[in-house]
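Okay, structure first, notes after.
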2 protein chains.
Amino acid sequence: MAVRMKDIADDLGVSLMTVSKALRNHSDISEKTRDRVLKRMRELNYQPDWIARSMVTGRTYLVGLVLPDLMHSFFAEVAKGVARKLQPMGYQVVISDTEEDGGIERRQVGVLVNRKVDGLIIASAQHNGRLELFQMLDRNKIPYVLIDRILPGTQANYVGVKDDDLGALATEHLIAQGCRKIAHIRGPAVATGTGRLRGYRRALARHGMTARPQHIASGQYGDNTGYEAMQQLLRTSPRPDGVFCYNDPVAAGAIKAILEARLRVPEDIAVIGAGNVHYSDLLRVPLSTVDQSSTTIGETAADLLLQSMESKKPAAPRRIFIPPRLVVRDSSRRKG
Amino acid sequence: MAVRMKDIADDLGVSLMTVSKALRNHSDISEKTRDRVLKRMRELNYQPDWIARSMVTGRTYLVGLVLPDLMHSFFAEVAKGVARKLQPMGYQVVISDTEEDGGIERRQVGVLVNRKVDGLIIASAQHNGRLELFQMLDRNKIPYVLIDRILPGTQANYVGVKDDDLGALATEHLIAQGCRKIAHIRGPAVATGTGRLRGYRRALARHGMTARPQHIASGQYGDNTGYEAMQQLLRTSPRPDGVFCYNDPVAAGAIKAILEARLRVPEDIAVIGAGNVHYSDLLRVPLSTVDQSSTTIGETAADLLLQSMESKKPAAPRRIFIPPRLVVRDSSRRKG
DNA sequence: ACCGTGATAGTTAGCGGTCAAGTTACAAAT
DNA sequence: ATTTGTAACTTGACCGCTAACTATCACGGT
């Protein structure tokens, strides 16, 4: 069916090997022959067979991208960044949505490994057994880069924001806007959630305040976390005058609750989220947020992975932190 | 390094072929031998080498998913649906973001084809040369399913909503809510955009109205299409009392413009979008919309592709239309 | 006793490439 | 004239697996 090297070789009366070498610019082919070969390849529209090549070289030019949830816009953006960086280098991205399930994650990584992907980029779901999973990768010498969720206690390539800093940045901003009773709607007890909480506390401490326990709401109530957690916060006393929300969807829910209670944003309560999802400024009250440069994270992770894959000797793992960036919109901007 | 069939064969004193057959439940292996083989496989944690297998069978168990924009939540949801359906069947999804660029699309499809993916799911960006692209697929006998954007004038598997119906459904709803001067903010001049416009016109016609030319705004002004197009509509006379927007982000922008003009939604102007993006009800005015069951589209496309891939004889192409579903929220709900 | 048959296992050839070790032919060095 | 060198190709062997034959053996029918 398709054109093979052999066809070209027979066609030109040279050996298969000559064709193979010519294609890969091997030094011991004369310019004349190489040109003949390349010309004929173009004429016949020869496409090298990746599979056959993989078989002998062991490289697949496939990269696995393992994400907890494609629909979460943060991960979608990361995916975009990764793809944009890798495709021009001849790599294809195999995607895997683990639905935040550790079991699926382990299984999928396993599948990808025995598909012999050249490398992996993983935003790992929380689960015990993560450690072994990554040790397995180390043993098999498969380069990988973790993103977003760091795995404490291991050395591994990592790209993400420092969640502490993110939390601190957001909280500092609220303080600068004059808020003095700042609440936090926290995220799940994974790295990201606890880091942001820690940053929140740190910022308060720096200004001689402490977080009132009743002002830290955790919202594991399902999908409209933000809405419900905020309702709960509104009943506390003193009533908060600023809220730092774990992420933008939560913040959107919080705003909804505040407005429903006939309070104003930001005059009565200033709100800031995190993630800078792209619809943030389409909300009725455009949402202040902390941008974590999702696409950049993806691109950077891809770069890091490329280095690990191309270099023969395993380089020392690196951790790259993208600085969080404040995006002030109406939900936290107090004039004067 | 890894365990191969040969290792198991030698280990057990049988031939390689026996192992191969045992693994695949070939009928001419005795139960006893098969069990011995499988047992040893488990003990040694044998993982078949997909590449080697592909090499001889010609099947890769890879499916290409070609999308114009991963960050668009519709496509992200589709991707999720596709992955969810395909992964359990042993297929992996190779993703490709074409950034709405026909050139990239063609190139990527090419790459995927010579990677020998078993099938493709494509939401094609608009460009001339599409036809040839799909003819190429036909020639190479690669099963594929188009989604969202149909390609007129060809026979091909397709899954999506009928955009006419979607437009009509939205418009009928506005009419039912008492709107009499209904405007439309239209999308780009591709299948989706024109279909929805056609549906809008059809619904109006059915009720003896016609679309006033000034009430059809096209908003190619960049990213806040909806906002700007709505401002323009607000200056027309008669002022519309209902707007059907091409999609939800546009609708969100439109609402913003309306509220800024100190008008009320839905009392003064009712608004409906399309797509039911997941943040629609986080907006200040929860947005009415037409759901196109993105995940279902993905799953259905995957099913259809599975059929084409598994059956040897190429089945007649099918077009599956998912009925659009009205989701009424506050932005269009008029009491009484 | 002969042969056909069904159940089980083994052999032979690749699939389309690449790698490493030959083989030429011809020019320069001894 | 013989050796040596080198540029330019060619020759197997092999990557891990499967398809399509071929071989072996026990058993029953005639």
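Here is how names work: the chains are called A, B, and so on, in the same order as the sequence lines, proteins then strands, and each is numbered from 1.
- Judged by distance alone with a 3.5 Å cut-off, no donor-acceptor contact links the side chain of B:Lys21 to the base of C:dT8.
- Here A:Met5 lies in heavy-atom contact (under 4.0 Å) with sugar-phosphate atoms only.
- Salt bridge A:Arg40/A:Glu43: present, at least one basic N to carboxylate O contact under 4.0 Å.
- Checked by atom type and distance alone, the side chain of A:Thr60 pairs as donor or acceptor with a backbone atom of A:Lys116 at under 3.5 Å.
- Note on A:Asp49: only backbone sugar-phosphate atoms sit closer than 4.0 angstrom, heavy atoms only; bases stay farther off.
- Straight-line distance from the CD1 atom of B:Ile51 to the P atom of C:dC15: 19 Å, rounded to whole Å.
- Here A:Asp49 does not pair with A:Arg4 in a salt bridge; the nearest charged N to carboxylate O distance is not below 4.0 Å.
- Regarding contacts with the backbone of D:dC17, a side-chain N or O of B:Tyr46 is found under 4.0 angstrom from either OP1 or OP2.
- With rounding to whole Å, B:Asp10 atom CG is found 14 Å from C:dG10 atom C1'.
- Rounded to whole Å, the distance from NE2 on B:His26 to P on D:dA19 is 6 Å.
- Atoms CZ (A:Arg59) and P (C:dG16) sit 23 Å apart, rounded to a whole Å.
- A:Ser30 comes within 4.0 angstrom of sugar-phosphate atoms only, judged by non-hydrogen atoms across all strands, and of no base.
- Remark: A:Thr18 is in phosphate contact with D:dT10, judged by side-chain N or O atoms under 4.0 Å from OP1 or OP2.
- Taking the centre and axis of the six-membered ring of B:Tyr61, the NZ or CZ atom of B:Arg59 falls inside the cone set by 45° and 6.0 Å.
- The shortest side-chain heavy-atom distance between B:Gln87 and A:Arg107 does not fall under the 4.5 Å cut-off.
- With respect to the salt-bridge test (charged N to carboxylate O, under 4.0 angstrom), the residues B:Glu100 and B:Arg149 qualify.
- Taking atom CG of residue A:Asp28 and atom P of nucleotide C:dT24, one finds them 17 Å apart after rounding to whole Å.
- Between B:Thr33 and C:dA9 there is a side-chain polar atom (N or O) within less than 4.0 angstrom of OP1 or OP2.
- In this model, the phosphate group of D:dA7 is not approached by any side-chain N or O of A:Ser27 to a distance below 4.0 Å at OP1 or OP2.
- Toward the 5' end of DNA chain D, the nearer of the two residues A:Val14 and B:Thr57, judged by each one's closest nucleotide, is A:Val14.
- Atom CE of B:Met17 is separated from atom C1' of D:dA23 by 15 Å (rounded to the nearest Å).
- The end-to-end axis angle of the helix from C:dA1-D:dT30 to C:dT30-D:dA1, rounded to 10 degrees and based on five pairs per end, is 70°.
- Of the side-chain N and O atoms in A:Arg24, one or more sit less than 4.0 angstrom from OP1 or OP2 of C:dC19.
- With rounding to whole Å, A:Leu16 atom CG is found 16 Å from D:dA13 atom P.
- Within 4.0 Å (heavy atoms only), A:Lys6 reaches no atom of the nucleic acid at all.
- Nearest approach of B:Ala125 to B:Arg130, heavy atoms of both residues: O-CD, 3.5 Å.
- Toward the 5′ end of DNA chain C lies the nearest nucleotide of B:Gly13, the other residue of the pair A:Met55 and B:Gly13 mapping further downstream.
- Between B:Val56 and B:Glu31, the residue whose closest nucleotide on DNA chain C is further toward the 5' end is B:Glu31.
- No salt bridge links A:Asp97 with B:Arg84; every basic N to acidic carboxylate O contact stays at or beyond 4.0 Å.
- In this model, the phosphate group of C:dG17 is not approached by any side-chain N or O of A:Ser20 to a distance below 4.0 Å at OP1 or OP2.
- Between the NZ atom of A:Lys116 and the P atom of D:dC15 there is a distance of 13 Å, rounded to whole Å.
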